[in-house]
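First up is the structure itself, then whatever we jot down about it.
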Amino acid sequence: GTVEVHQFDILLEFLVVSRTQDTIQNLTIELGTHGDLRLCERPQVYTLAPGEEITIKANMKVSSMEVGIIFGNLVFDSSKPGAADQTVIVLNDLHMDIIDYVHPASCNATAFRTMWQDFEWENKLTVATEIKSLREYLDHILKHTNMRCQAMSTSIAGEADFLSA
């Protein structure tokens, strides 16, 4: 399978190949998520002839920067006499850290203020660090979160004991 990330959309593609001499009926991939990932629509149900292959696609939406987990099963009807009604193949979990796909961008001050008001940014954090310079600390945060500072570099020059937005 493959995973493609496009900003707030995740596209999963699974290649399923029938290597049996039997027709596989009611084949589907059941997906679930943990975190702020949401499955847009359930993958449809397929029937595979012997030796046939299909690509099953699933779309996910990302709604936050938190790490998300995608898990699932490949499920199909059993064709062997005396077997369980369905065969379930457990797929490996996918851990999605969306920060890996964030890229710095720019926007004008008006657009930034509008987006700032749309979200709840009232989170105050106390941080313990060995970094003594506020500017050095800001550069450190920007580097590790793949973000860009909206303030002009001249407006944050100088010495200060706190950072506020």
Side-chain angles (χ1 to χ4, degrees), residues 1-80 82-107 111-112 114-129 131 137-150 165:
T2 61
V3 178
E4 290 182 34
V5 178
H6 304 279
Q7 291 187 327
F8 298 105
D9 299 321
I10 298 173
L11 173 63
L12 304 172
E13 290 187 354
F14 300 91
L15 175 64
V16 180
V17 180
S18 172
R19 295 195 174 180
T20 69
Q21 297 303 313
D22 301 320
T23 299
I24 297 175
Q25 295 183 350
N26 296 321
L27 171 81
T28 190
I29 293 183
E30 298 174 342
L31 295 171
T33 62
H34 178 71
D36 288 329
L37 299 171
R38 181 178 48 85
L39 183 63
C40 295
E41 59 188 42
R42 294 182 59 159
Q44 67 185 60
V45 177
Y46 297 92
T47 298
L48 258 65
E52 185 180 7
E53 64 181 48
I54 58 165
T55 299
I56 300 175
K57 296 180 182 183
N59 291 303
M60 302 263 175
K61 286 283 188 193
V62 178
S63 59
S64 83
M65 297 297 290
E66 295 177 15
V67 174
I69 300 172
I70 303 169
F71 52 91
N73 302 313
L74 182 68
V75 181
F76 55 92
D77 288 349
S78 296
S79 60
K80 299 189 191 269
D85 291 342
Q86 287 190 318
T87 299
V88 177
I89 299 172
V90 178
L91 304 174
N92 286 337
D93 296 346
L94 293 172
H95 294 256
M96 301 295 301
D97 190 354
I98 301 305
I99 197 72
D100 293 339
Y101 302 97
V102 173
H103 301 286
S106 297
C107 65
F112 179 78
T114 301
M115 287 187 282
W116 187 268
Q117 291 172 346
D118 288 344
F119 297 101
E120 294 181 26
W121 296 103
E122 297 291 325
N123 299 324
K124 296 178 184 177
L125 302 172
T126 302
V127 178
T129 180
I131 300 172
Y137 182 66
L138 178 61
D139 290 341
H140 175 77
I141 290 174
L142 296 176
K143 177 183 173 188
H144 291 284
T145 58
N146 297 332
M147 291 191 288
R148 181 175 291 145
C149 183
Q150 281 298 116

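Computed from a prediction, not measured in an experiment: that's the story for all the values here. We use all heavy atoms of the structure for the numbers below, so side chains are in, but hydrogens, waters and symmetry mates are not. The chain is numbered in sequence order, starting from 1.
The distance from the OG1 atom of T28 to the CG atom of D77 is 11.0 Å, given to the nearest 0.5 Å. Rounded to the nearest 0.5 Å, atoms CZ (F76) and OG1 (T20) are 8.0 Å apart. If you take CD on Q44 and NZ on K57, they are separated by 11.5 Å, rounding to the nearest 0.5 Å. Atom CE of residue M60 and atom CG of residue L39 lie 4.5 Å apart, to the nearest 0.5 angstrom. Separation of atoms CZ (R19) and CD (E53) is listed at 9.5 Å; rounding is to 0.5 Å. Atoms CG and OG1, on N26 and T47 in that order, are 6.0 Å from each other to the nearest 0.5 Å.
Scanning all heavy atoms of the two residues, the minimum distance from T55 to Y46 falls at O-OH, 4.4 Å. Scanning all heavy atoms of the two residues, the minimum distance from P43 to A58 falls at CG-CB, 4.2 Å. In terms of heavy atoms, E13 sits closest to L11 at OE2-CD2, 3.8 Å.
Looking at heavy atoms from C-beta onward, N59 lies out of side-chain contact with D9 at the 4.5 angstrom threshold. Put simply, the side chain of D22 does not reach to within 4.5 Å of the side chain of P50, judged on heavy atoms. Residues I54 and L27 have side chains in contact (heavy-atom distance under 4.5 Å, counting atoms from C-beta outward).
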Go through it in stages, so that I can follow the logic: the residues are R38 and T33, the test is side chain to side chain contact (heavy atoms under 4.5 Å, CB included), and I'd like the CA-CA distance, side-chain angles, deciding distance and then a yes or no. CA-CA 7 Å; R38 181 178 48 85; T33 62; 5.9 Å; no
Please test V16 against I24 for side chain to side chain contact (heavy atoms under 4.5 Å, CB included), starting from the C-alpha separation and ending with a verdict. CA-CA 11 Å; V16 180; I24 297 175; over 6 Å; no
Dump the intermediate steps for side chain to side chain contact (heavy atoms under 4.5 Å, CB included) on I70 and V3, then the final yes or no. CA-CA 11 Å; I70 303 169; V3 178; over 6 Å; no
Candidate pair L91 and I29, rule side chain to side chain contact (heavy atoms under 4.5 Å, CB included), full reasoning: CA-CA 9 Å; L91 304 174; I29 293 183; 4.1 Å; yes
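None of T2, L31, L74 except one satisfies the side chain to side chain contact (heavy atoms under 4.5 Å, CB included) rule with F14; the exception is L31.
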